[in-house]
2 protein chains.
Amino acid sequence: MKNELIKGTLKTIILHLLEKEGRMYGYEIVQKVKSLSHDKVLLTEGALYPALHKLEAEGWLIAEKESIGKRVRKYYSLSKKGKIVSKEKINEFKEFIDSMRLVLNIELK
Amino acid sequence: MKNELIKGTLKTIILHLLEKEGRMYGYEIVQKVKSLSHDKVLLTEGALYPALHKLEAEGWLIAEKESIGKRVRKYYSLSKKGKIVSKEKINEFKEFIDSMRLVLNIELK
DNA sequence: CAATATACATAAGAAAGTTAGGCATAAACA
DNA sequence: TGTTTATGCCTAACTTTCTTATGTATATTG
């Protein structure tokens, strides 16, 4: 999906996955989205990592480094605020879909 | 809707409305989208007009100026190519929604 | 032991908006 | 009748968000 539509959904995706999974690291998020979407949504690391940093700076994510052998993974989870924002983002997305359905006059199963 | 999600949908909206209505001018498109979406989707002219020009340059739209009193309206309609692209864009949007539904695990009525 | 996968990160540039103007005519209202 | 609001077009500076291209390093697989 070389799709400009994906733009703007990245934060929503991250927040939602962390809410569902509890705790994930960046690379894992990329793989998860890829598999959930049957290889349709391919997050790029150039977009993902800056987004994670921004969400952390915003206070919505908590980051913890963890050593796996000689490598360091950075796990993210939702802060209290992040859990609230996560739900808000999902609702915004649903409203967006509803609006678009009205404008584009399309049915969604 | 101060929503970054709308980004990327503008061309799809324009093409679809022109397909449905046949012939519209810029200002009319703004009003139509506003009313269809119950004031949720408010296109800005700063985004709309450049988009119309780009679609015309691409060969997807045909523009015709029409004098209304002393004012000039610019009507747009779909070219043959534009009609094809319009359908493609709608399909892309539907696929996008399907993918997002998988990733976000949400139900849409 | 070379290629691929895992895992993080940044930086330059492109794309698509927002915000803030500008210009002009027509209609509505006080 | 004069001012505000609506109609109708437009552009330019700036911002946000993403893509593309790198860089670095360890682990696994053939």
Side-chain angles (χ1 to χ4, degrees), chain A residues 1-15 23-35 39-58 60-61 63-76 89 92-93 96 99-100, chain B residues 1-15 23-35 39-58 60-61 63-76 89 92-93 96 99-100:
Chain A
M1 184 163 273
K2 36 150 202 4
N3 203 321
E4 69 229 291
L5 296 168
I6 301 291
K7 281 200 183 194
T9 62
L10 182 53
K11 288 178 189 171
T12 305
I13 291 173
I14 293 171
L15 292 170
R23 195 162 177 273
M24 297 181 88
Y25 53 98
Y27 191 82
E28 190 184 8
I29 293 174
V30 175
Q31 302 308 318
K32 187 73 180 178
V33 171
K34 182 173 145 82
S35 76
D39 293 16
K40 290 285 176 57
V41 181
L42 305 174
L43 303 186
T44 60
E45 298 185 321
L48 180 71
Y49 289 115
L52 286 170
H53 301 160
K54 204 171 288 181
L55 291 173
E56 187 191 355
E58 206 97 41
W60 300 347
L61 299 190
E64 292 164 303
K65 288 185 182 174
E66 194 162 307
S67 289
I68 308 293
K70 282 184 184 171
R71 276 201 301 219
V72 176
R73 264 187 206 160
K74 210 162 153 190
Y75 275 96
Y76 291 92
K89 290 281 182 188
E92 271 177 31
F93 188 77
F96 159 68
S99 294
M100 287 301 290
Chain B
M1 185 163 271
K2 37 149 204 4
N3 203 320
E4 69 227 293
L5 296 167
I6 301 290
K7 285 197 181 195
T9 62
L10 182 53
K11 287 179 189 170
T12 305
I13 290 173
I14 294 171
L15 292 169
R23 195 163 175 273
M24 298 180 90
Y25 53 99
Y27 191 81
E28 190 185 8
I29 293 174
V30 175
Q31 302 308 318
K32 187 72 179 177
V33 170
K34 181 173 145 81
S35 76
D39 294 15
K40 290 285 176 58
V41 181
L42 305 175
L43 302 186
T44 61
E45 298 185 322
L48 180 71
Y49 290 114
L52 285 171
H53 301 160
K54 205 170 286 181
L55 291 173
E56 187 190 357
E58 206 97 41
W60 299 348
L61 299 190
E64 291 163 305
K65 288 185 184 173
E66 194 162 307
S67 289
I68 307 293
K70 282 182 182 170
R71 276 203 297 221
V72 177
R73 266 190 206 156
K74 210 162 154 192
Y75 276 95
Y76 291 91
K89 289 282 181 188
E92 271 178 32
F93 187 77
F96 160 68
S99 294
M100 286 303 289

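The chains referred to below are lettered A, B, ... by the order of the sequence lines, with proteins before strands, and numbering in each begins at 1.
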Completion exercise
Closest to the 5' end of DNA chain D, once Gln31(B) and Pro50(B) are matched to their nearest nucleotides, is Gln31(B)

Handout entry: Lys54(B) side chain near dA15(C) phosphate (N/O to OP1/OP2, under 4.0 Å)
Key = no

Problem - Listed nucleotide nearest any side-chain atom of Tyr27(A), set dT11(D), dC8(C), dC9(D) - result: dC8(C)

Practice task
Nearest whole angstrom, please: distance from the P of dT6(C) to the NZ of Lys70(A).
Solution key: 20 Å

Exercise for the section: Looking at every strand, decide which applies to Gly46(B) at a 4.0 Å heavy-atom threshold: base, sugar-phosphate, or nothing. Expected result: base

Completion exercise
Separation of dG17(C) atom C1' from Leu42(B) atom CG, nearest Å, is 14 Å

Fill in the blank from the handout: Taken to the nearest whole Å, CG/Leu43(B) to P/dT18(C) is 8 Å

Problem - Below 4.0 Å: OP1/OP2 of dA9(C) and any side-chain N or O of Lys74(A) - result: yes

Problem - Note, Ile6(B) side chain near Leu42(B) side chain (heavy atom, < 4.5 Å) - result: no

Handout entry: Phosphate contact (dT19(D) OP1 or OP2) by Thr44(A) side-chain N/O below 4.0 Å
Key = yes

Exercise for the section: Mind calculating the distance between CD1 (Ile6(B)) and P (dT17(D)) to the nearest angstrom? Expected result: 15 Å

Problem - Non-hydrogen side-chain atoms of Met100(B) and Ile13(A) separated by less than 4.5 Å - result: yes

Handout entry: Partner of Glu64(A) by side-chain contact (heavy atoms from CB on, under 4.5 Å), out of Arg73(A), Arg23(A), Lys74(A)
Key = Arg23(A)

Problem - Any Tyr49(A) side-chain nitrogen or oxygen under 4.0 Å from OP1 or OP2 of dA9(C) - result: no

Fill in the blank from the handout: To the nearest angstrom, the CG-C1' distance between Leu48(A) and dA21(D) comes to 17 Å

Problem - Given DNA chain C, 5'-ward residue of the pair Lys7(A) and Tyr25(A), judged by closest heavy atom - result: Tyr25(A)

Completion exercise
From CD of Glu45(A) across to P of dT19(D) the rounded distance in Å is 12 Å

Exercise for the section: Report yes or no: is there a donor-acceptor pair, N or O only, under 3.5 Å between the side chain of Glu4(A) and the base of dC18(D)? Expected result: no

Exercise for the section: Using a 4.5 Å cut-off on heavy atoms from C-beta on, say whether the side chain of Gln31(A) contacts that of Tyr27(A). Expected result: yes

Completion exercise
To the nearest angstrom, the CG-C1' distance between Leu52(B) and dG17(C) comes to 15 Å

Practice task
Answer yes when Glu92(A) and Lys40(B) have at least one side-chain N-carboxylate O distance shorter than 4.0 Å, and no when they do not.
Solution key: no

Exercise for the section: Using only side-chain N and O atoms of His53(B), determine if any of them is under 4.0 Å from OP1 or OP2 of dC9(D). Expected result: no

Practice task
Quick one: label Glu28(A) by what it contacts on the DNA or RNA (base, sugar-phosphate, nothing), any heavy atom closer than 4.0 Å.
Solution key: nothing

Exercise for the section: Indicate yes or no: at least one non-hydrogen side-chain atom of Leu52(A) is less than 4.5 angstrom from one of Ile29(A). Expected result: yes

Practice task
For Lys65(A), report the nucleic acid contact type (base, sugar-phosphate, nothing); a contact means any heavy atom under 4.0 Å.
Solution key: nothing

Exercise for the section: May I have the distance from Lys11(B) (atom NZ) to dA15(C) (atom P), rounded to whole angstrom? Expected result: 9 Å

Practice task
Report yes if a side-chain nitrogen or oxygen of Arg71(B) is closer than 4.0 Å to either non-bridging phosphate oxygen (OP1 or OP2) of dA24(C); otherwise report no.
Solution key: no

